[in-house]
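Each remark here refers to the structure printed beneath this line.
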Amino acid sequence: MAMITLTVDGVEVEVEEGSTVLQACETAGKEVPRFCYHDRLSIAGNCRMCLVEMERSPKPVASCAMPAGPGMVIKTDTEVVKKAREGVMEFMLINHPLDCPICDQGGECDLQDQAMGYGGDRSRYQEPKRAVENKSMGPLISTIMTRCIHCTRCVRFSTEVAGVNDMGAIGRGESMEITTYLEKALASELSGNVVDLCPVGALTSRPYAFNARSWELSHTESFDAMDAVGSAIRIDTRGNEVMRVLPRVNDDVNEEWISDKTRHAIDGLKRQRIDRPYLRQKNGRLAECSWEDAFKAIQTNMKKAKASQIGAIMGDQCDAESIYALKSLMDKLGVSNVDCRQDGSVLGTSGGRGGYIFNSGFNGLEDTDYVLLIGTNPRHEAAVVNARLRRRWLNDGLDVARIGAPVDLTYPVKELGDDPSILMELADGKGPVATKLKRAKKPMIIIGQGALTRKDSAAILGAVARLSKETGVVTADWNGFNVLHTAAARVAGLDLGAIPGKGGMDTGGMLAAANKGDLQVLYLLAADECDLSAISKKTFVIYQGHHGDAGARAADVVLPGAAWCEKDGIFVNSEGRVQYANRATFPPGDARSDWSIIRALSAVLDKTLDFDTHAQLRAKMIAEVPVFAEADVLTEAKLGAIGGKGKIASTALTTPIGEGTGVSFYMTCPISRSSVTMAECIDAFEQNGMKGAAE
Amino acid sequence: MSINSRIADDQPESFAFSAESKKAIKTILAKYPKDRKASAVIPLLDLAQRQHDNWIPMKAIEAIAETLEMAEIRVLEVATFYTMFNLRPVGKYFIQLCGTTPCWLRGSDDVTRCIHDKIGIKSGETSADGKFSLLEVECLGACVNAPMVQINDDYYEDLDYETTAELIERLSRDDVPPAGSVQGRQGSQPLPGPTSLENVTSFPKTAKKTQSASGKAQKSKAQDGGV
């Protein structure tokens with residue numbers, strides 16, 4: 001990229017050609033106030049706050065919309081600039097109400113901050129002020145439109161990033177208003193981000209309204225466990241209560257967006273919590289008990305059972321430590337019925353690490369020139385990843401094809417039908433899609449859980465592997481074989497080898513055995529998403545988790561664990577990126593970190609695990625599985641021979657969550673199922689035709 | 001004003017372009033590249049308005065959005081931006097009164113007052129009999145003959161209280177006066193008649209064209225041979 005040199009406040013800076021003057025000023029370390037300009041949105045140039053002086057220009061120029069040219073002389077700290085910005089600010093404040101003391105944005109408001117630098121201390125305006133009716137924008141966004149300064153960030157976000165063309169500005173001049181078409185709710189999984197984007201208090205978070213002030217909150221930097229994207233988040237807490245979740249910038253993963261579930265499911269942390277151990281009584285009801293009684297019941301039942309009659313299933317939101325602890329305990333007990341794949345997927349059994357991760361990384365989405373989706377609905381499984389795919393389509397017209405149900409992904413997709421048996425033909429390099437894959441320089445296949453949890457999934461994987469080899473999806477310097485996960489715990493579980501050992505049963509096998517009563521003990525580590533409805537009374541079910549959900553209903557003994565934000569834990573996202581999540585609050589009541597429960601139980605069972613602290617556990621785990629050692633890096637994983645041969649049935653491919661699956665995007669885990677906000681979302685978006693999301 | 005107060009309360013159940021409009025749409029769309037269909041949004045809004053009794057129902061907005069493969073809100077943005085698009089029903093004679101500085105200096109207040117006196121409506125209102133609607137708008141570009149009003153498609157210029165009253169009186173009888181200056185001047189020439197070039201007996205060819213393009217096109221055409 002060619003570089004150009006210009007002068008900002010007497011300092012020479014070099015910037016890439018095509019940069020704006022504002023970017024050049026930032027390179028020079030000069031702060032330029034702005035409202036409408038945003039790095040990740042198109043340039044609007046309508047707030048005029050970023051005015052700077054430019055030599056040979058009679059007037060100040062809006063630096064965000066002015067391309068930097070070689071030899072330009074820019075001044076940002078002159079009297080002219082200050083006066084110009086003060087003028088702009090005065091106009092902006094004419095119609096802006098003095099709401100700051102009662103405004104949720106107060107304390108973290110761009111307008112408030114910049115008014116400190118450029119605002120006057122009194123108004124010269126004598127005329128009537130304008131007032132704007134508030135708009136209805138769904139259960140997540142609360143609007144106070146009189147505060148709006150018409151920066152149009154929200155309009156640009158929803159059009160460009162979220163891909164829902166619902167927001168716009170109607171009217172003009174003084175009567176301009178931001179609204180959605182006929183005031184329908186903003187039907188996007190990313191809608192919450194407009195609240196972050198709003199530089200004033202016009203759009204604020206509805207569930208968080210009047211809950212807290214920004215300065216009373218403690219911030220914990222962590223990672224999200226609602227899906228397998230691993231979005232970087234900041235958890236804001238007051239006391240022991242999670243008040244809100246905000247995105248952190250992580251260019252490699254979520255850029256600076258998070259999905260509405262990540263942001264708003266947290267109110268589920270306060271409901272349906274398991275805060276003490278429970279034991280099922282003779283009358284069939286669960287009653288509170290002490291830790292000792294709970295452990296005693298487990299001990300009695302474990303002692304009775306043979307190793308082959310014990311099974312353990314790990315859930316979708318477990319941290320690596322607790323999976324490791326449970327796996328170690330089961331190893332010590334000689335149990336091989338262990339599975340971290342409660343959806344019954346075939347991943348992890350062949351192909352090595354490269355066989356179950358998103359090999360190209362999410363950054364690979366920036367390089368790819370052809371994408372084939374198989375059995376996945378990224379819009380609902382990984383909303384922020386879908387936003388990146390959309391951006392590629394918007395900017396470069398990226399070609400996307402799909403085998404699977406035709407749901408709206410916010411960009412055009414070439415439909416190849418939902419019959420996966422066409423993969424058999426495709427794998428031999430026949431057909432126009434194979435030709436396209438071959439012609440593409442960096443083709444990519446994204447295979448979702450919908451294709452991996454079928455009876456013929458091994459054959460599908462095999463066909464995809466053949467297709468990858470045939471068409472250059474996997475070459476020496478490019479690996480476009482990508483598995484998109486939906487569970488935050490899955491990749492870590494597979495890394496830890498939490499799959500059935502020799503002669504062991506997988507999730508399906510264990511559940512079938514438990515339904516018949518052949519399994520004596522079933523240990524559910526926060527596993528709520530498998531079918532536990534028909535478990536025989538003969539099977540002793542241990543549920544360790546944080547919410548009273550399906551698992552607790554089926555359980556004979558309930559051990560109170562911690563939710564993902566209540567413990568330090570390691571998560572590994574779809575890409576295989578190791579992320580160290582931090583504890584933001586303490587688990588409620590008697591609940592404990594999950595690893596420590598398992599450690600305590602191991603002592604009761606006379607199979608004491610050889611770690612006493614979290615640090616020791618981590619050290620041991622890292623020694624056994626070195627990938628956990630380094631956080632936030634992508635290590636290249638080898639993709640071995642994967643999948644099997646065989647016939648692929650023509651039963652339609654489904655997706656695990658989203659439209660037409662019975663599982664709503666808004667309710668995929670115990671936390672989101674307990675969330676009132678998520679329930680409201682389902683109500684709102686059902687009425688607005690986002691059908692699948694609202695089962 | 002939220003969107004609900006900008007649009008009509010009674011919206012028709014459906015809207016479809018007539019066969020004639022469809023033909024016109026074809027012609028309009030041919031003017032733009034295929035991937036720039038959205039450029040046709042203003043002509044199509046105008047078409048819908050002419051077809052639908054001088055106002056645009058939401059169904060028409062949706063039909064246009066579909067035709068042009070645009071988001072509905074984008075069409076609505078355009079429709080609400082321009083005052084010439086009506087989103088609620090208007091009277092048979094839709095008066096757009098210019099109140100911008102030149103007209104105002106030349107007495108647009110008198111015109112407003114006259115309309116209020118004679119019809120009893122203010123800007124944004126429609127008369128009870130559904131005959132007249134008034135909207136005060138910004139400059140319509142006829143400042144030379146200020147003050148002026150636009151009634152449906154025609155300009156009436158050089159108005160004052162009396163002439164406005166006469167105009168309204170004739171319109172209420174559905175006797176539509178000829179468009180242009182109510183004082184009878186042609187184009188924007190001086191009121192008493194031409195003050196220069198009085199004795200010119202023949203015009204160069206281009207000049208003829210200029211004249212015939214001005215106000216009284218019909219008349220000039222008839223005189224063409226004689227001048």
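The chains referred to below are lettered A, B, ... by the order of the sequence lines, with proteins before strands, and numbering in each begins at 1.
- For A:Val164, no part lies under 4.5 angstrom from a heavy atom of chain B.
- Relative orientation of the A:Tyr666 and A:Phe685 rings is parallel, given thresholds of 30° and 60° on the angle between their planes.
- Contact of A:Thr180 with chain B is made through the backbone alone, with heavy-atom distances under 4.5 Å.
- Remark: A:Arg172 is positioned above the aromatic ring of B:Phe81, its terminal NZ or CZ atom under 6.0 angstrom from the ring centre and at most 45 degrees off the axis.
- Highest contact tally toward chain B, considering only A:Asp166, A:Thr179, A:Val155, is held by A:Asp166 [criterion: heavy-atom pairs under 4.5 Å].
- For B:Met70, no part lies near chain A; criterion is any non-hydrogen pair under 4.5 Å.
- By the 4.0 Å N-to-carboxylate-O rule, A:Asp196 lies close enough to A:Arg263 to be salt-bridged with it.
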**Request:** Begin with the C-alpha distance, continue with both residues' side-chain angles, and end with the deciding distance and a verdict on salt bridge (Lys or Arg N to Asp or Glu O under 4.0 Å) for B:Arg106 and B:Asp158.
**Result:** CA-CA 9 Å; B:Arg106 299 274 298 143; B:Asp158 289 331; 5.2 Å; no
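- Proximity to chain B (any heavy atom under 4.5 Å) is shown, for A:Met145, by neither the backbone nor the side chain.
- Salt-bridge check for B:Arg50 with B:Glu20: failed, with every basic side-chain N at 4.0 Å or more from each acidic carboxylate O.
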